[in-house]
Amino acid sequence: MENNGFAHPREIIPPPINQGGIGSCSAVATGQCLSTTVQMKFGGPHNPARRTSVQELTNETQEAFPHDCYSAVPGEGGFRGFPPETAFEYIKQYGVAVEAGHPYCGQRTSTPTLPDSPRIWIQDYTVKRRRLPGTDSLDFDIRPIICRLSGF
């Protein structure tokens with residue numbers, strides 16, 4: 001892998017996010033994956049100005065693709081998330097703001113993304129699924145293909 005100006009690959013990985021209990025694990029995983037991919041492409045240590053808005057993914061993916069989202073447990077209400085492919089499809093179609101334009105607050109909100117917020121777009125993504133050895137659990141290998149950044 002090309003160095004692109006960082007001393008060690010872990011310098012490009014954004015810090016962890018406390019998800020809370022709102023079913024945002026796919027949004028967090030997608031956001032972290034895309035943020036890391038952006039850093040790898042454009043170089044330098046982790047840059048918070050290029051961090052993907054997990055809040056926008058949490059709020060807007062369910063609105064854009066309601067049939068792809070997991071249903072809430074009856075009686076518990078709330079939001080149970082969505083498959084990672086759904087978040088990448090949202091980013092492919094609409095782009096996603098950076099964290100500064102829509103910060104994460106640990107719950108679904110109706111607060112819109114700032115209209116002039118820089119956005120990250122992908123051209124496409126690939127998905128590979130495999131069973132984890134010795135389990136019934138699926139592992140996903142999803143790789144975004146960066147198309148462009150806008151508003152930076």
Side-chain angles (χ1 to χ4, degrees), residues 1-72 78-130 138-152:
M1 180 169 74
E2 190 176 316
N3 182 297
N4 280 344
F6 50 86
H8 192 280
R10 76 174 153 252
E11 290 182 9
I12 63 171
I13 299 171
I17 294 174
N18 182 346
Q19 299 172 40
I22 64 163
S24 63
C25 57
S26 288
V28 170
T30 301
Q32 299 291 71
C33 174
L34 188 55
S35 295
T36 300
T37 301
V38 167
Q39 286 306 124
M40 288 171 55
K41 181 175 176 80
F42 295 100
H46 171 69
N47 182 345
R50 294 183 187 153
R51 185 176 177 148
T52 306
S53 173
V54 171
Q55 190 65 48
E56 180 177 324
L57 291 175
T58 301
N59 293 347
E60 302 301 329
T61 299
Q62 184 177 18
E63 297 299 320
F65 303 103
H67 300 294
D68 292 343
C69 294
Y70 304 132
S71 299
F79 171 66
R80 292 288 176 232
F82 40 80
E85 298 100 312
T86 303
F88 278 106
E89 190 60 35
Y90 174 85
I91 297 165
K92 180 179 171 183
Q93 290 187 29
Y94 304 102
V96 63
V98 296
E99 184 78 17
H102 202 156
Y104 188 67
C105 67
Q107 62 185 352
R108 284 197 72 226
T109 69
S110 59
T111 305
T113 300
L114 297 173
D116 60 346
S117 178
R119 298 188 78 73
I120 300 168
W121 298 80
I122 61 172
Q123 183 177 3
D124 211 348
Y125 56 93
T126 61
V127 179
K128 294 179 185 175
R129 290 178 183 79
R130 67 181 176 94
L138 278 179
D139 183 35
F140 293 92
D141 181 7
I142 302 178
R143 296 178 186 207
I145 301 168
I146 296 291
C147 181
R148 65 186 161 94
L149 303 176
S150 63
F152 283 86

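Judged purely by atom type and a 3.5 angstrom limit, Ser26 uses its side chain to pair as donor or acceptor with the backbone of Phe82. A donor-acceptor pair is defined here as one N or O able to donate and one able to accept, closer than 3.5 Å; no such pair exists between the side chain of Ser24 and the backbone of Ala27. Under the 3.5 Å distance criterion, the side-chain polar atoms of Gln55 are matched with a main-chain donor or acceptor of Cys105.
Counting only residues at least two apart or on different chains, the ring-ring contact (aromatic ring centres under 6.0 Å, His included) pairs with a member in residues 84-113 are Phe88-Tyr125, Tyr90-Tyr94.
The minimum heavy-atom distance between Ile91 and Ile120, with the atom names listed, is CG2-O, 3.8 Å. When all heavy atoms of Arg119 and Thr113 are compared, the pair lying nearest together is NH1-CG2, 4.1 Å. Pairing each heavy atom of Val54 with each of Gly31, the nearest pair is CG2-CA, 4.3 Å. A pairwise comparison of heavy atoms in Lys92 and Gln123 identifies CE-O, 3.4 Å as the closest pair. Closest of all the heavy-atom pairs between Leu34 and Ile122 is CD1-CG2, 3.7 Å. Taking both residues in full, the closest heavy atoms of Ala100 and Leu114 are given as O-CD1, 4.4 Å, listed atom of the first, atom of the second, then distance.
Distance check, rounded to the nearest 0.5 Å: CD1 of Ile145 to OG1 of Thr126 gives 6.0 Å. One distance of note links NZ of Lys41 with CG of Leu149; it measures 8.5 Å at 0.5 Å rounding.
Taking 4.5 Å as the limit, some side-chain heavy atom of Ile17 sits within range of a side-chain heavy atom of Arg51. Considering only heavy atoms from C-beta on, Gln93 comes within 4.5 Å of Phe65 through its side chain.
When only modelled atom types and interatomic distance are considered, Thr52 and Ser35 share a side-chain donor-acceptor pair under 3.5 Å. For the residue pair Asn59/Thr109, the side-chain donor-acceptor check at 3.5 Å is satisfied.
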